[in-house]
Every structure is written in C-alpha cells, then in structure tokens.
Amino acid sequence: MSDDSAADDRTTEDRRTTEDRRTATDRQEATDHQEVADYSTRVSPFVERFAADLTEAGMQRMASRVFACLLASEEGALTSAELGDRLRASPAAVSGAVRYLSQVALVSRQRDPGSRRERYILHQDVWYTSLLSRDHVLGRWLVTLNTGADDLGADTPGGRRVRESAEFLEFMRTGLEDLLNRWHARQQSRVTGTE
C-alpha cells in the first residue's frame, strides 16, 4: 500500500468519525429539544400549578418551583443548570431555593462522581421524611411551651393559651406519629406484596 493510499484511507476514516460524531451530536440535540418541548407543554403547567399551591401554603415561591420541578422530573434529581433551564431562573435563585429546601429536609445535594457538578435530589419518600422531621420539631416546641406555661402560671390568660397550645401540639404529635406508622406499614406491605 502506498503512502498516498494510506493517507487517503486515514482521511476517509477521519471524515467518517467526524460525521459519526456530528450525527450523534445532532441526535442528542434533537432529544434535548424534544425533552424541553415536552417539559414546556406537559410538565411545566403542573410544576407551576403545584408551586402556586405550595406558595399559597407558605413556602417560598422559588423553593416551591424547584421542589415541584424535582418532584415531576424523571429521576427526582436535577442539576442547578437543568433546574435553571426548566424554570427559566437564575443560578442564584436556584441556589437560594435549594438551600431552603435542604434546611427543611426536602432535598439533598449529591456530587456526580468525577465531576464538580452537584445534583439536587428529593429524599426517598419525601413526604414521610418531611413529616417525620416535623415530629422532632413538635417535640422541641412542646418542651418550650410546657416550660412557658409553667413559668407563666395556669391562672394567667397567657399561661392558659400557652398550655392549650402545648395540648393541641401534643394531640397533633400523637396523631402524626400514628399516621406515619400506618403509612410506613402500608408501604412495607406494598413492597412485600401483602397489601
């Protein structure tokens, strides 16, 4: 084989490799475009509706949007850039929302192996986990309220209000504990097929 023939073969091979890469890139871009179109028409309306409900209930607006977006995502996990693209939000807004959601134990951060990128992940069984953490908060509030009621005195209007608050929260805590136990048992029976 001559040097010219070998060079022609390499050139042809390089051209094919470049064309293959271009074709793969075009396919990925088409897939990405389809995902964005699908998100805009099908997922985004749900995300914005549910985020509005969460905001009305008291959650921060951007945190509501990020939470709803993660909840509706295929894997329950997205990067900051993916969240920003889907929600048309700035990196700073996404970061602030994720910080809030982390503090209230709804999401966690996980670094992609071999990368500096972080993925934001919904906790497994997010509602159960969230309410379970609220049970601990209620316990702390009860200690403070009961101490406050004792300090204020049962014979004062403030003492009676604080005592009633403690009694109500104890009632809620007991009911919540029962609900969480029933939910956990229900989920276990689904897994084992004994439902």
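As a basis for the values below, the full set of heavy atoms in this structure was taken, side chains included, without hydrogen atoms, waters or symmetry mates.
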Is it true that a side-chain atom of [X] and a backbone atom of [Y] form a donor plus acceptor pair closer than 3.5 Å?
X: Ser95; Y: Pro91; value: no
X: Arg160; Y: Asp155; value: yes
X: Arg65; Y: Val47; value: no
X: Thr144; Y: Arg140; value: yes

Does any non-hydrogen side-chain atom of [Y] lie less than 4.5 Å from one of [X]?
X: Leu138; Y: Trp141; value: yes
X: Cys69; Y: Leu78; value: yes
X: Leu83; Y: Tyr120; value: yes
X: Leu54; Y: Arg61; value: no
X: Arg163; Y: Asp150; value: yes

Closest heavy-atom pair and its distance - [X], [Y]:
X: Leu152; Y: Gly159; result: CB-CA, 3.7 Å
X: Thr55; Y: Ser64; result: OG1-OG, 3.1 Å
X: Glu82; Y: Arg119; result: OE1-NH1, 3.9 Å
X: Ala105; Y: Thr129; result: O-CG2, 4.4 Å
X: Ala51; Y: Ala68; result: N-CB, 4.2 Å
X: Ala149; Y: Val162; result: N-CG1, 3.6 Å

Does Arg111 CZ have over 12 foreign heavy atoms under 6.0 Å away?
->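 Count over threshold, so yes.
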
To the nearest 0.5 Å, what is the distance between [atom1] ([X]) and [atom2] ([Y])?
X: Asp151; Y: Asn146; atom1: CG; atom2: CG; value: 11.0 Å
X: His123; Y: Leu101; atom1: NE2; atom2: CG; value: 9.5 Å
X: Tyr100; Y: Met62; atom1: OH; atom2: CE; value: 14.0 Å

Do [X] and [Y] sit in one hydrophobic cluster, given that two such residues count as connected whenever their side-chain heavy atoms are within less than 4.5 Å of each other, even indirectly?
X: Phe46; Y: Leu122; value: yes
X: Val126; Y: Met59; value: yes
X: Phe168; Y: Leu176; value: yes

Mind telling me whether Tyr128 and His184 have parallel, tilted or perpendicular rings, with 30° and 60° as the class edges?
->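 The rings of His184 and Tyr128 lie parallel, inter-plane angle below 30°.
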
May I have all residue pairs that pass side-chain hydrogen bond (donor to acceptor under 3.5 Å, both in side chains) and include part of residues 164-180, sequence neighbours excluded?
->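 Only Asp135-Arg173, Glu170-Thr174, Asp178-Arg182 qualify under side-chain hydrogen bond (donor to acceptor under 3.5 Å, both in side chains).
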
Steps toward side-chain contact (heavy atoms from CB on, under 4.5 Å) verdict (Leu87, Glu48) = CA-CA 9 Å; Leu87 299 172; Glu48 297 304 328; 4.1 Å; yes

